[in-house]
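So the structure is just underneath, and the comments pick up after that.
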Amino acid sequence: MNNSKIWLSSPHMGGNEQKFVQEAFDANWVAPLGPNVTGFEVDLEQYIQADKFVAALSSGTAALHLGLVLLGVKPGDEVICQSMTFSASANPIAYLGATPVFIDSESETWNMCPIALETAIQDRIAKGKKPKAIIAVHLYGMPYQVDEINAIASTYGIPVLEDSAEALGSTYKGRKCGTFGTLGVLSFNGNKIITTSGGGALVAPDKVLKDKAVFLATQARDNAPHYQHSEIGYNYRLSNICAGIGRGQMEVLDDHIALRRKMHAFYVDLFADIPGVTVFSEPNDTYFSNHWLTAILLNPALTNGVTRETLRLAMEAQNIECRPLWKPMHLQPIFEQYPYYGGTVSETLFNDGLCLPSGSNLTDAERNRITDLVREVFK
Ligand SMILES: *Cc1c(COP(=O)(O)O)cnc(C)c1O
């Protein structure tokens, strides 16, 4: 039996990536600037629409870091952050010497709970410090409750840094994720819906902010013949080689979203008659997820004792990669001393949830291996 590894999410090339990379070599644009960087930014701007300006950067983490810098976050400030997320959402708060304040999830989209958010803002203000920014995340491609979060942010006049690293191509009320925050963040890491091998982008509302992001991302060089600096800069621009991969990937993005959504439909079908397992899905048609990763939630009281670990280990034994949901930041050793608002929604999701192989490049044979194993575990 073929036992080759089935990955959670692996790079999936479209075909034209090498053509754009070759052009970069032919023109000797082997640098963190050039026609592919500009072309990739235009592709992204046209794709997300909404009249935004995109700065291509070296990673999503760099985009989050620069986003906080542009929002004026300084040492000692407080920054609100969704607790259930990848650590890259929260680490840049620490880079800046600011304090993270973590917020629980709601159970519909698994993202930032608006009620806990408002409680946190009011309590932080009562304690003497108004939070400087809110980092909200569209986990696994599922849009957060955009209207509710934005309403609270505007009531209190706090900017939103929208972490859309997992949600390129997802929409809320027909509008693309990445365009709802004061600033938006995209990632093109190897396991994301499209990849540049490593890369990211900052989505800005106007050209002035985009230019400022590019200025900071290229060492904050003042306009002078010598190297002159009046601000701290970063080396965060995307390479023209990587951007070439990105241009090729943009040609297949919508096809890959359709394939990821097909994987989600496959799991909905597979688990339809298995009691105690629910497949994470859009709450209603306000939400359109790219289904970057399909996740399930197990209720061990109804699954004859099968837990997410039972299933994960059975999958691992067959060389099929699955992973628990993101472990909330307020439960992480490095962040557990910081303030947290909410209940146990994210903790329960972490305990009972599992991400399943979701790549746009899975074969029928691989889906059959997954089907056989799931039927065996739950028989
Ligand atoms: C991947 C990811 C990031 C970081 O992006 P990189 O490009 O890997 O630096 C940030 N936030 C979330 C939610 C992510 O999934």
Side-chain angles (χ1 to χ4, degrees), residues 7-11 32 40 44 54-69 79-96 100 102-103 105 109-112 133-144 146 149 160-170 177-178 180-181 183-203 213 217 234-239 242-243 245-246 249 260 280 289-295 323-330 332 334-335 346 349-350 353 355 358-359:
W7 298 93
L8 197 64
S9 176
S10 67
F40 186 40
L44 286 164
V54 171
L57 301 173
S58 54
S59 69
T61 310
L64 283 154
H65 189 186
L66 278 191
L68 291 179
V69 171
V79 175
I80 286 183
C81 184
Q82 183 166 322
S83 184
M84 189 159 147
T85 184
F86 182 41
S87 63
S89 305
N91 283 336
I93 303 170
Y95 300 166
L96 288 165
F102 293 113
I103 308 293
S105 294
T109 76
W110 297 3
N111 295 311
M112 185 178 276
I134 298 166
I135 301 175
V137 190
H138 307 292
L139 281 187
Y140 307 119
M142 185 67 71
Y144 56 74
V146 172
I149 299 291
V160 174
L161 182 55
E162 177 189 3
D163 184 344
S164 194
E166 303 176 1
L168 180 59
S170 297
C177 287
F180 295 110
L183 294 168
V185 168
L186 302 172
S187 166
F188 317 111
N189 205 336
N191 60 354
K192 297 286 158 61
I193 194 123
I194 63 165
T195 182
T196 58
S197 72
L202 192 70
V203 181
Y234 304 85
N235 183 5
Y236 277 171
R237 199 68 164 129
L238 184 66
S239 141
C242 296
I245 304 174
Q249 290 271 277
R260 298 251 177 186
F280 182 42
S289 171
N290 65 14
H291 288 305
W292 169 58
L293 293 186
T294 295
R323 196 163 295 164
L325 305 192
W326 299 122
K327 180 174 179 177
M329 292 303 115
H330 73 281
Q332 298 284 357
I334 193 71
F335 289 129
S346 58
L349 288 169
F350 170 63
C355 295
S358 306

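One-based numbering along the sequence shown. In each ligand, atom 1 is the first atom listed, and ligand 1 is the first ligand listed. These values consider heavy atoms only, across backbone and side chains, with no hydrogens, waters or symmetry-generated copies.
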Looking only at N/O atoms, are Asn189 and ligand 1 under 3.5 Å apart anywhere?
yes
Ligand 1 to Ala165 polar contact by distance, N or O atoms, under 3.5 Å
no
For the CG atom of Asn91 and the CG atom of Leu96, what is their distance to the nearest 0.5 Å?
11.5 Å
Taking only heavy atoms of [X] into account, list the atoms of ligand 1 that are under 4.0 Å away from them.
X	result
Ala88	3 (C), 4 (C), 10 (C)
Thr61	4 (C), 5 (O), 6 (P), 9 (O)
Ser59	7 (O), 9 (O)
Val137	13 (C)
Ser89	11 (N), 13 (C)
Gly199	7 (O)

Looking only at protein heavy atoms, what sits closest to atom 5 (O) of ligand 1 is Ser187 OG, 3.2 Å
Can you see which heavy atom on His138 is nearest to which on Ala167, and at what distance?
CB-CB, 3.5 Å
Going through the checks in order, is the ring-ring contact (aromatic ring centres under 6.0 Å, His included) test met by Phe188 and Phe40?
CA-CA 12 Å; Phe188 317 111; Phe40 186 40; 5.0 Å; yes
Give me the ring orientation class for Trp110 and Phe280: parallel if the planes are under 30° apart, tilted from 30 to 60°, perpendicular past 60°.
parallel
Parallel, tilted or perpendicular, as decided by the 30° and 60° cut-offs, for the rings of Tyr140 and Trp326:
parallel
Which option wins on minimum heavy-atom distance to atom 2 (C) of ligand 1: Gln82, Met84, Lys192, Glu166?
Lys192
